[in-house]
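This report refers to the structure that appears directly beneath it.
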Amino acid sequence: MKRKPLVALVADRKQLGLHPFHCVGEKYISAVVGGADCLAMLVPALGEQQDFESILDLVDGFLFTGSVSMVDPQLYNGPTLPEGQNLDTARDKTAMPLMKAAIARGIPVFAICRGFQEMNVVFGGSLLQKVHETPGMMDHREDSDATLEVQYGPAHPVQFSAGGLIQRTSGLGEYQVNSIHNQGVERLGAGLMAEATAPDGLVEAFSVKDAQAFALAVQWHPEWQYASNPLSASLFKAFGDDCRRYQASR
Ligand SMILES: N[C@@H](CCC(=O)NCCCC(=O)O)C(=O)O
């Protein structure tokens with residue numbers, strides 16, 4: 001029996017006690033395995049200590065996950081991070097080069113939340129560091145005192161771009177999505193097409209124009225209880241199907 005497609009998930013580097021660890025949230029792994037019907041491979045955030053070309057040769061897709069850390073503002077000529085926001089430069093130095101190379105090779109890529117912000121920066125875009133302090137913008141943060149069910153539950157509607165990848169894949173025009181982020185798109189990167197917008201005009205999803213493969217980034221969290229969410233299920237199925245197409249084409 002042919003093996004299932006192999007999807008790489010790049011880890012965060014986190015200090016746990018006295019030692020650094022490389023971590024990926026379980027809900028992302030479960031969505032790759034159950035929602036996309038692929039195998040999951042965790043890639044340590046060791047940057048160029050690893051041979052990126054060998055990783056790219058090995059895998060049939062990438063999922064770039066959310067994280068509490070922020071993309072290094074130096075990567076988009078932004079201001080120093082506000083107090084209370086943290087970097088993960090190891091993640092930046094691993095995820096962003098791999099993302100750029102994967103898209104160039106035509107390897108399917110699905111990016112979520114921090115991964116969405118990484119992709120915008122990879123394509124030359126910039127980020128608002130505190131959307132909630134930007135005039136005219138909503139507060140897109142979660143209530144950190146609420147239960148997970150509430151934090152990752154529906155928070156605001158997003159309007160899908162007519163004829164865009166999300167609208168074509170899901171058949172939906174708009175949907176209520178969750179919202180767990182401080183930062184957001186300031187300037188959309190070159191070559192990216194807005195796929196969804198929030199009521200305050202914030203870009204909440206985009207795809208790569210002229211991409212050879214599935215190349216979608218969303219600011220919300222479709223991995224959360226994906227099986228019971230029609231939009232999420234359709235996106236992970238479409239991602240997994242394109243990983244199968246890519247695998248068969250190799
Ligand atoms: N840190 C960025 C991106 C937000 C993000 O990815 N949140 C999810 C963290 C937890 C999880 O993986 O579900 C920002 O704050 O904008």
Side-chain angles (χ1 to χ4, degrees), residues 9-16 21-32 35 40 42-43 45 62-76 78-92 94-96 99 109-122 125-134 137-156 158 177-189 196 198 200 202-206 216-226 229 232 235-236:
L9 299 94
V10 173
D12 297 337
R13 185 174 187 270
K14 293 179 187 277
Q15 191 75 16
L16 301 181
F21 285 73
H22 295 241
C23 310
V24 174
E26 183 178 88
K27 54 189 169 67
Y28 300 104
I29 302 168
S30 299
V32 165
L42 279 55
V43 175
F62 281 88
L63 182 81
F64 295 95
T65 73
S67 175
V68 294
S69 66
M70 308 297 171
V71 176
D72 188 346
Q74 292 184 39
L75 297 172
Y76 55 91
T80 306
L81 279 185
E83 186 67 29
Q85 295 189 1
N86 302 307
L87 296 170
D88 182 350
T89 55
R91 159 80 187 249
D92 293 339
T94 307
M96 297 170 78
M99 177 186 283
V109 168
F110 194 5
I112 295 170
C113 210
R114 191 206 208 261
F116 162 94
Q117 296 166 355
E118 290 167 345
M119 195 183 296
N120 186 48
V121 173
V122 162
S126 61
L127 302 176
L128 294 169
Q129 295 186 344
K130 284 189 166 183
V131 176
H132 45 285
E133 292 186 4
T134 305
M137 304 304 282
M138 300 172 352
D139 188 340
H140 287 255
R141 296 172 298 177
E142 76 282 15
D143 173 359
S144 54
D145 295 327
T147 63
L148 275 185
E149 295 292 329
V150 170
Q151 289 189 36
Y152 285 82
H156 64 71
V158 289
V177 297
N178 51 36
S179 188
I180 298 107
H181 60 106
N182 297 268
Q183 304 202 347
V185 171
E186 178 183 48
R187 184 184 69 253
L188 190 62
D200 58 4
L202 190 72
V203 173
E204 287 266 344
F206 55 76
L216 179 69
V218 299
Q219 181 68 83
W220 67 89
H221 287 268
E223 83 287 355
W224 174 259
Q225 299 182 349
Y226 66 88
N229 182 309
S232 302
L235 294 178
F236 275 103

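Counting convention: from 1, in listed order, for ligands and their atoms alike.
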Next on the checklist: Whether the Asp72 and Thr89 side chains hold a donor-acceptor pair (N or O, under 3.5 Å, no angle test) is what I'd like checked.
Outcome noted: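 There is no such pair (donor and acceptor under 3.5 Å, judged by atom type) between the side chains of Asp72 and Thr89.
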Item to check | Validation row, ring centre Phe116 to ring centre Phe64 under 6.0 Å | outcome: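 No, too far apart.
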What does the N/O contact table under 3.5 Å look like for ligand 1?
{"residue": "ligand 1", "atom": "1 (N)", "partner": "Ser67", "partner atom": "O", "Å": "2.8"}
{"residue": "ligand 1", "atom": "1 (N)", "partner": "Val68", "partner atom": "O", "Å": "3.3"}
{"residue": "ligand 1", "atom": "1 (N)", "partner": "Ser69", "partner atom": "O", "Å": "2.8"}
{"residue": "ligand 1", "atom": "6 (O)", "partner": "Ser67", "partner atom": "N", "Å": "2.8"}
{"residue": "ligand 1", "atom": "6 (O)", "partner": "Ser67", "partner atom": "O", "Å": "3.1"}
{"residue": "ligand 1", "atom": "6 (O)", "partner": "Arg114", "partner atom": "N", "Å": "3.3"}
{"residue": "ligand 1", "atom": "7 (N)", "partner": "Ile180", "partner atom": "O", "Å": "3.1"}
{"residue": "ligand 1", "atom": "12 (O)", "partner": "Tyr28", "partner atom": "OH", "Å": "2.6"}
{"residue": "ligand 1", "atom": "13 (O)", "partner": "Lys27", "partner atom": "NZ", "Å": "2.6"}
{"residue": "ligand 1", "atom": "13 (O)", "partner": "Tyr28", "partner atom": "OH", "Å": "3.4"}
{"residue": "ligand 1", "atom": "13 (O)", "partner": "Tyr152", "partner atom": "OH", "Å": "2.5"}
{"residue": "ligand 1", "atom": "15 (O)", "partner": "Asn182", "partner atom": "N", "Å": "3.0"}
{"residue": "ligand 1", "atom": "15 (O)", "partner": "Asn182", "partner atom": "ND2", "Å": "2.9"}
{"residue": "ligand 1", "atom": "16 (O)", "partner": "Gln117", "partner atom": "NE2", "Å": "3.0"}
{"residue": "ligand 1", "atom": "16 (O)", "partner": "Asn182", "partner atom": "N", "Å": "3.1"}
{"residue": "ligand 1", "atom": "16 (O)", "partner": "Gln183", "partner atom": "N", "Å": "2.8"}

Next on the checklist: Tell me the closest heavy-atom pair linking Pro79 and Pro73, and the distance in Å.
Outcome noted: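 Minimum heavy-atom contact is O-CB, 3.1 Å.
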Next on the checklist: Between Arg114 and Asp92, does any NZ, NE, NH1 or NH2 come within less than 4.0 Å of an OD or OE carboxylate oxygen?
Outcome noted: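 Salt bridge: yes.
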Checklist entry - Distance-only, no hydrogens or angles: does the Asn120 side chain make a donor-acceptor pair with backbone N or O of Ser126 under 3.5 Å? => result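 Side chain of Asn120 to backbone of Ser126, a donor-acceptor pair under 3.5 Å: yes, one is there.
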Item to check | For Gln74, all residues meeting side chain to side chain donor-acceptor pair (under 3.5 Å), sequence neighbours excluded | outcome: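 Not a single residue meets the side chain to side chain donor-acceptor pair (under 3.5 Å) criterion with Gln74.
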